[in-house]
There are 2 protein chains.
Amino acid sequence: MEKKLPTIKEIARRLNISASTVSRALHDHPSIGLRTKMAVKKLAAELNYEPNQTAIFFKQRKTFTIGLVLPNLREEFFSAAINGIEDVALDHNYIVLIGQSHDDLAREQKLVETMKNHRVDGILASISSSTTHIEHFEQMKNYDIPVVFFDRVPDAKDIHSVSCNLYDSSVEAVEWLIRNGHKRIGYLQGPPTLNMKHERLDGYMEAHKKHKLPVDESLIVSTNLSVEGTRSAVDALLQLKKRPTAILSFNDYVTLDAIQYARQKKLAINKDICFVSYANVPVTQYVEFPPLASVEQFPYDQGVSATELLFRLIDKKVAGQESPYENIVLKSELIIR
Amino acid sequence: MEKKLPTIKEIARRLNISASTVSRALHDHPSIGLRTKMAVKKLAAELNYEPNQTAIFFKQRKTFTIGLVLPNLREEFFSAAINGIEDVALDHNYIVLIGQSHDDLAREQKLVETMKNHRVDGILASISSSTTHIEHFEQMKNYDIPVVFFDRVPDAKDIHSVSCNLYDSSVEAVEWLIRNGHKRIGYLQGPPTLNMKHERLDGYMEAHKKHKLPVDESLIVSTNLSVEGTRSAVDALLQLKKRPTAILSFNDYVTLDAIQYARQKKLAINKDICFVSYANVPVTQYVEFPPLASVEQFPYDQGVSATELLFRLIDKKVAGQESPYENIVLKSELIIR
DNA sequence: CTGTTAGCGCATTCAT
DNA sequence: ATGAATGCGCTAACAG
């Protein structure tokens with residue numbers, strides 16, 4: 001049975017006044033007689049009247065909803081980011097529509113499309129590893145839906161973004177390894193789509209340069225982030241005649257797989273081979289051999305910052321102003337255990 | 001600058017026909033002349049016309065949105081559940097509004113309220129550990145918004161739910177410990193709000209009974225799931241004159257904290273003390289001393305099942321039928337490493 | 001085959 | 001101080 005919620009009209013009918021009077025009374029409009037105002041409020045309370053937000057959204061052409069598109073929620077990095085996003089959104093009386101791309105471009109496109117259909121007021125996105133172009137996001141300009149990328153930011157101009165600068169920490173991480181006596185340091189990078197800014201690699205190079213260490217190209221390998229991809233990449237490093245004594249790797253998840261594999265290959269972790277990584281996810285505290293150091297990327301703060309930026313864009317949009325592209329860069333921090 | 005998207009009216013105006021004709025043409029209504037139909041479709045394509053879904057939602061009194069309220073996303077259990085939920089939702093062309101209660105009743109209430117304001121078509125919920133009543137969910141009946149609880153299901157009648165039966169697996173888990181020679185088995189339970197069905201405890205008792213082992217009340221302790229809560233609970237067990245040789249504990253997260261604490265206390269894990277747990281979360285594969293066994297609760301399947309049930313309720317609602325309360329119970333499974 | 005009318009729930013402009 | 005009229009974008013009942 002469809003229940004019928006009381007509407008402003010129903011109240012008007014019962015009181016023999018017009019709907020607009022009811023509307024104004026409810027909004028404490030100054031030019032409403034106290035008597036009628038009281039009567040309206042009283043009846044509204046009795047009937048448990050609540051304005052139908054969807055009607056209001058429809059009229060105002062706003063939904064008080066933001067869309068969040070990200071690769072997955074499994075990684076603690078993203079769930080931490082959501083905490084920041086949700087906190088800011090709730091402060092603004094907004095709520096979050098969520099969608100996981102599972103690193104699949106087609107799914108990401110479908111999600112963006114669906115969110116557009118729902119007329120979200122803005123979109124936050126961290127792109128999938130298979131995202132080779134961002135037309136689906138750029139389309140949003142036609143609908144006046146601002147998009148802010150965070151963490152996994154595409155290599156494009158004319159976008160808004162929030163991310164951590166990994167260059168400095170990368171230099172620092174590699175220098176730390178060098179100071180600890182390592183001379184052959186492998187670099188296990190992620191898939192090309194996620195390496196577009198080369199910050200990690202540039203940092204790796206710079207540290208070598210500063211310490212006058214030659215860079216051996218064969219020490220640089222890639223994984224698509226899958227367990228198998230990581231294993232074969234690590235395998236390539238271990239097969240080398242002169243194998244590395246340390247590996248800088250894309251993120252903690254990859255590193256855990258890498259460490260597991262190295263152990264299977266009977267290497268003594270932190271002795272035969274050391275690992276330094278990115279993300280600094282909390283679960284690593286429970287594992288036997290966590291990376292010796294990891295670059296904290298402050299997911300919560302990125303989430304907060306991205307969402308705040310998005311709200312600035314939304315506010316400007318309703319004010320009819322153009323916004324210059326903003327690319328906020330936060331600092332990262334090397335955490336040594 | 002507010003862009004103006006083409007509307008059905010605009011098309012009508014340009015073609016000097018009525019809006020309803022345009023609407024029908026776009027929907028391939030049978031009784032529309034081929035010529036006008038083509039003309040409409042052609043112009044619509046040229047203008048990149050897309051129906052304004054929010055208007056349609058408004059008219060149909062549906063939002064194609066479901067609300068998901070859960071304690072947090074950090075636990076892999078919940079993020080796995082979301083995968084199931086999202087997959088089913090997307091199949092139905094629905095999208096998911098998300099909200100984390102962070103185990104705070106007030107926040108849970110606010111989230112439910114907000115989702116109601118957004119007129120979600122249904123709500124999926126896993127209650128917070130501080131949820132002592134469910135009035136805020138029951139209120140949803142007044143708005144014809146069906147609610148399905150999953151995993152953390154409140155102890156109430158007249159609700160819909162999907163959960164795992166933990167009784168059998170609990171018996172099995174404890175019996176497994178007993179068969180492995182343990183005679184004093186501690187039980188580290190969660191907060192009272194999450195133990196309402198006592199399935200774990202009943203199973204624990206039953207296994208003792210079957211094997212004619214006495215149950216020592218002092219072996220049963222509780223944690224509020226915080227690290228400190230878990231530590232002091234474990235501490236209580238370790239302080240006992242006759243300390244347990246094994247502990248059955250609320251879930252893997254609690255267990256990881258418990259194990260960490262036991263190690264700090266210089267106990268040899270799996271020798272001085274063994275752990276068996278619930279949830280079987282994947283991260284445990286990376287840790288040095290995972291629980292020896294864990295009860296798989298199939299979060300993905302729970303998510304799928306709960307969402308399917310929710311859609312059945314939504315469909316019946318639009319068909320104007322009453323639905324009997326459904327409480328789906330899935331099997332759990334003890335996974336031994 | 002197509003147009004006219006009405007209405008979803010609300011806010012707002014223009015009258016009175 | 002209040003009511004009538006209008007419109008947001010779309011669909012559908014009713015009329016030709």
Side-chain angles (χ1 to χ4, degrees), chain A residues 2-41 43-44 47-65 116-119 121 142-144 318, chain B residues 2-41 43-44 47-64 116-121 142-144 318:
Chain A
E2 280 285 331
K3 307 238 175 27
K4 263 238 316 278
L5 296 175
T7 71
I8 220 166
K9 246 163 140 175
E10 171 70 8
I11 297 181
R13 197 184 55 71
R14 298 209 194 195
L15 259 36
N16 269 315
I17 56 179
S18 82
S20 29
T21 304
V22 176
S23 172
R24 285 186 278 239
L26 260 11
H27 288 254
D28 289 313
H29 188 98
S31 69
I32 285 290
L34 184 60
R35 228 189 343 276
T36 42
K37 184 158 125 180
M38 296 307 272
V40 167
K41 293 213 171 186
L43 183 56
L47 298 181
N48 287 315
Y49 167 79
E50 298 178 48
N52 181 335
Q53 297 287 358
T54 59
I56 298 176
F57 296 160
F58 174 55
K59 195 171 173 27
Q60 299 186 181
R61 286 120 169 282
K62 283 190 70 180
T63 56
F64 291 93
T65 301
K116 177 216 71 192
N117 285 340
H118 280 255
R119 292 288 190 273
D121 293 338
N142 300 331
Y143 303 90
D144 259 330
V318 307
Chain B
E2 282 282 331
K3 306 239 178 25
K4 261 239 317 276
L5 296 175
T7 72
I8 220 166
K9 245 163 141 174
E10 171 70 8
I11 297 181
R13 196 184 56 71
R14 297 210 195 194
L15 259 36
N16 270 314
I17 58 180
S18 82
S20 31
T21 303
V22 175
S23 173
R24 285 186 281 239
L26 258 13
H27 285 138
D28 288 315
H29 188 98
S31 68
I32 284 289
L34 185 60
R35 226 187 346 273
T36 42
K37 185 158 122 180
M38 296 308 272
V40 168
K41 292 211 172 189
L43 182 56
L47 298 181
N48 287 317
Y49 168 78
E50 297 179 48
N52 180 335
Q53 296 288 356
T54 60
I56 298 177
F57 296 160
F58 173 56
K59 194 172 173 27
Q60 300 187 177
R61 286 116 167 283
K62 284 190 71 180
T63 55
F64 291 93
K116 177 216 73 191
N117 286 340
H118 280 256
R119 292 288 191 273
V120 293
D121 292 338
N142 301 332
Y143 304 90
D144 260 330
V318 307

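As a basis for the values below, the full set of heavy atoms in this structure was taken, side chains included, without hydrogen atoms, waters or symmetry mates. Each chain gets a letter, A, B and so on, in the order its sequence line appears, and its residues count up from 1. Every value quoted in this text rests on a predicted model; they were computed, and no experiment measured them.
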Is [X] close enough to [N] that one of its side-chain N or O atoms is under 4.0 Å from OP1 or OP2 there?
X	N	answer
A/Lys9	C/dC8	yes
A/Ser23	C/dC10	no
A/Ser18	D/dG3	yes

Base, sugar-phosphate or nothing for [X]? Non-hydrogen atoms, less than 4.0 Å.
X	value
B/Thr36	sugar-phosphate
A/Phe57	nothing
B/Ser20	base
A/Ser31	base

Quiz item: Considering only heavy atoms from C-beta outward, does the side chain of B/Ile56 approach that of B/Lys59 to under 4.5 Å?
Solution: no
Self-check item: Between C/dT4 (P) and B/Ile17 (CD1): distance, integer Å
Solution: 11 Å
Quiz item: Rounded to whole angstroms, how far apart are CD on B/Gln60 and P on D/dT11?
Solution: 8 Å
Quiz item: Are the aromatic ring centres of A/Phe57 and B/His118 under 6.0 angstrom apart?
Solution: yes
Exercise. Select from A/Leu34 and B/Lys59 the residue whose nearest nucleotide in DNA chain D is closer to the 5' end of that strand.
Key: A/Leu34
Quiz item: With no angle test and no hydrogens, is the base of C/dG3 tied to the side chain of B/Arg24 by a donor-acceptor pair under 3.5 Å?
Solution: yes
Quiz prompt | Shortest side-chain distance from B/Asn52, nucleotide among D/dC10, C/dA11, D/dT11 | solution = D/dC10
